[in-house]
There are 2 protein chains.
Amino acid sequence: MSNILIVDDELKIREIIKKYAEFEGHTVTEASGGLQAVNICREREFDIIILDIMMPDLDGFSVCREIRKNSSTPVIMLSARGEEYDRIHGFEVGVDDYVVKPFSPKELMMRIAAIIKRSSKSDSDMVKIGGLCIDFTGRMVTIDGKNINMTPKEYDLLFYLVKNRGIALTREKLISNVWGYDFYGDDRTLDTHIKLLRKNLGEYSSNIVTLRGVGYRFEASANQT
Amino acid sequence: MSNILIVDDELKIREIIKKYAEFEGHTVTEASGGLQAVNICREREFDIIILDIMMPDLDGFSVCREIRKNSSTPVIMLSARGEEYDRIHGFEVGVDDYVVKPFSPKELMMRIAAIIKRSSKSDSDMVKIGGLCIDFTGRMVTIDGKNINMTPKEYDLLFYLVKNRGIALTREKLISNVWGYDFYGDDRTLDTHIKLLRKNLGEYSSNIVTLRGVGYRFEASANQT
DNA sequence: CCCAATGTGAATTTAGTGTGAAAACTCGAT
DNA sequence: ATCGAGTTTTCACACTAAATTCACATTGGG
């Protein structure tokens, strides 16, 4: 269902959360410390991050602040009882929710479900792949909330690729659907636009997979380079 | 953005809400008890009131009932876990929403935003984007309170753009909706009116985004130049 | 290693939009 | 009727972003 990152120095806590989360159908990645968490987040996107406050190397707030620099992934903080005051620090780093330890795993799962539900907007026609978001009604593309400037052809090409994500598309099919069946032009035109599109997609450029001798396929899932 | 009254006997809860709310741009007033809240409400109006149920002097329901005697300000109740029964009670006194403690600050903020949006929508037919305000009933446009003189066509065009803000509008769609389906005129007519409209919108001119090869889109959010 | 397929940068061409000025139209006041 | 201020439309042209081409580099499979 969702990709969850659990960050806690206590193995037992991680195991409990992992067990429950996997039971709910989520995919879990673990980090035993703050620094490790920051490094993992630089490499890949998660749908939700569960973050302990008290950790020996780097505390939860610092981790959250670091993550927020290039991602808006929801964060749930785990605080030990009595650390009430810490809640106040959360606002400036953009914490989404708190759960006080010792917590009920079921409650945590419910909060995860609530956050996932609210972050997946269903009011307009759009596709999200990690931090990449294609809004069809607005003809708009954003990466981690930042607007990406797309030329008409780039957008049309991306649109067709994404609409048929996970499916192998021949060059002929792409050309006739994006340019029109009557397009007669250079062979390199498609490559060039794929190139431009990849450049624009930045970290998501590798989601456009080249199928040698065939064409291209848009990878449906977020990439974990 | 809005004036919020927070009523809770716990200082920490008030502090958390205040921090988050001020971060969102709201102005916050605090009351540490029910009686104080009632007194403050007699003196001034708020856009929204966040009200704890359990308070030593006067409980949330009584406060709400008292406030409702001469105001229809939206109220969000904070209830402790397990106080399910109170929900039913709440509807009788005119509560707008509930948040169960311990709550997610972000969720509370979203509910505040939802209520503000809802109440501002119903009482007057207007759209605000930053300092730009389009009053449909009055057919009036203001920027930072200053009246903007609009020619009929300019207004009609802006009206259609704003009504469909966030949506990519083709030139054809714009033409047929603003001029009429049977308009047969120069290609440059639309551009010219977009030009005039942009000139009139001043700092908000960039909210009309050109979608090359397609048309235009009105950006829903305020721009930060 | 070879070769066909794909990637790339730069140059060129094309197409779409912005703009100013002038013409044409509207409509109320004289 | 006529005027005239304000408004709308047209048009020629400027501008520039975008599409395409092409020569050459790179890659990956047999």
Side-chain angles (χ1 to χ4, degrees), chain A residues 139-141 147-161 168-219, chain B residues 139-141 147-161 168-219:
Chain A
R139 215 186 147 86
M140 223 161 85
V141 179
N147 207 318
I148 303 299
N149 201 35
M150 288 267 166
T151 70
K153 267 286 179 300
E154 273 166 40
Y155 178 84
D156 291 344
L157 184 54
L158 180 64
F159 174 85
Y160 190 71
L161 285 164
L169 298 164
T170 63
R171 303 180 128 253
E172 293 69 42
K173 202 163 187 179
L174 279 164
I175 294 270
S176 69
N177 277 284
V178 177
W179 275 263
Y181 68 96
D182 56 350
F183 177 83
Y184 102 102
D186 198 90
D187 257 5
R188 299 276 69 70
T189 301
L190 175 58
D191 305 70
T192 299
H193 281 278
I194 290 282
K195 176 192 69 179
L196 296 169
L197 184 53
R198 278 180 173 151
K199 198 178 202 173
N200 232 339
L201 289 178
E203 56 176 321
Y204 292 94
S205 63
S206 52
N207 279 65
I208 302 174
V209 180
T210 304
L211 302 169
R212 206 158 234 270
V214 183
Y216 300 90
R217 173 168 45 89
F218 198 88
E219 209 61 66
Chain B
R139 217 185 144 85
M140 221 163 85
V141 180
N147 207 316
I148 302 298
N149 198 37
M150 288 266 167
T151 69
K153 265 286 178 300
E154 272 167 39
Y155 178 83
D156 290 345
L157 183 55
L158 180 63
F159 173 85
Y160 190 72
L161 285 164
L169 298 165
T170 63
R171 301 178 133 254
E172 293 68 42
K173 201 162 188 181
L174 280 164
I175 294 270
S176 69
N177 278 284
V178 178
W179 276 264
Y181 68 96
D182 57 350
F183 176 86
Y184 129 93
D186 198 89
D187 257 5
R188 300 275 69 71
T189 302
L190 176 58
D191 306 67
T192 300
H193 282 276
I194 289 283
K195 177 190 67 179
L196 296 169
L197 185 53
R198 277 181 173 150
K199 200 177 205 172
N200 233 339
L201 289 178
E203 57 175 320
Y204 292 95
S205 63
S206 52
N207 279 65
I208 302 174
V209 179
T210 303
L211 301 170
R212 214 158 228 270
V214 181
Y216 299 90
R217 181 189 57 219
F218 198 88
E219 208 61 67

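Order of the sequence lines fixes the chain letters, A, B, ..., with proteins taken first and strands second; residue numbering starts at 1 for each chain.
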### Task
Any chance you could measure A/Leu158, atom CG, to A/Ile194, atom CD1, to the nearest 0.5 Å?
9.5 Å
### Task
Hey, could you give me each pair passing salt bridge (charged side-chain N to carboxylate O under 4.0 Å, His left out) that has a residue in residues 174-187 of chain B? Not counting sequence neighbours.
none
### Summary
When rounded to whole Å, the CD1 to C1' distance for the pair B/Ile194 and C/dT19 reads 14 Å
### Query
Does A/Arg171 or B/Thr192 map to a spot on DNA chain C nearer the 5' end, using the closest nucleotide for each?
A/Arg171
### Task
Whole angstrom is fine here: how far is it from OH in A/Tyr155 over to C1' in C/dG16?
19 Å
### Message
Using the ring-ring contact (aromatic ring centres under 6.0 Å, His included) definition, which of the options B/Trp179, B/Tyr160, B/Phe183, B/Tyr155 pairs with B/His193?
### Response
B/Trp179
### Sub-4.0 Å heavy-atom contacts from residues 195-202 of chain B onto DNA chain C, ordered by number
B/Lys195, B/Arg198
### Task
Looking at every strand, decide which applies to A/Tyr216 at a 4.0 Å heavy-atom threshold: base, sugar-phosphate, or nothing.
sugar-phosphate
### Query
Should B/Thr210 be listed as having a side-chain N or O under 4.0 Å from OP1 or OP2 of C/dG16?
no
### Query
Which atom pair, heavy atoms only, marks the closest approach of B/Leu157 to B/Leu174?
CD1-CD2, 4.1 Å
### Query
For DNA chain D, which nucleotides open and close the run of contacts to chain B, 5' to 3', at under 4.0 angstrom from a non-hydrogen atom?
D/dT7 to D/dA18
### Message
Suppose the criterion is salt bridge (charged side-chain N to carboxylate O under 4.0 Å, His left out): which pairs have a residue in residues 150-160 of chain A, not counting sequence neighbours?
### Response
A/Arg139-A/Asp156
### Message
So A/Leu211 and A/Thr170, do their side chains get closer than 4.5 Å, heavy atoms only?
### Response
no
### Message
Can you measure B/Asp187 atom CG to C/dG18 atom P for me and round it to whole angstrom units?
### Response
12 Å
### Task
Answer whether the closest heavy-atom distance between the side chains of A/Leu201 and A/Asn207 falls below 4.5 Å.
no
#### Entry: Contact nearer the 5' end of DNA chain D, comparing A/Arg188 with B/Met150
B/Met150
### Residues which pass side chain to side chain donor-acceptor pair (under 3.5 Å) with B/Thr210, listed by chain and number, not counting sequence neighbours
B/Arg198
### Query
Roughly how bent is the helix from C/dC1-D/dG30 to C/dT30-D/dA1 end to end, in steps of 10 degrees, with each end axis from five pairs?
30°
### Query
Across the strands shown, which category fits A/Leu157 at heavy-atom distances under 4.0 angstrom: base, sugar-phosphate, nothing?
nothing
### Query
Do the side chains of B/Tyr216 and B/Val209 get nearer than 4.5 Å, heavy atoms only?
no
### Task
Take the protein atom NZ of B/Lys153 and the nucleotide atom P of C/dT26, then report the distance between them rounded to whole Å.
11 Å
### Message
To check you understand the geometry: which heavy-atom pair defines the closest contact between A/Val141 and A/Asn147, and what is its length?
### Response
O-OD1, 3.5 Å
### Query
Got B/Phe159 and B/Asn177 here, is their nearest side-chain heavy-atom distance under 4.5 Å?
no
#### Entry: 5' precedence on DNA chain D between A/Phe183 and B/Leu190 (nearest-nucleotide basis)
B/Leu190
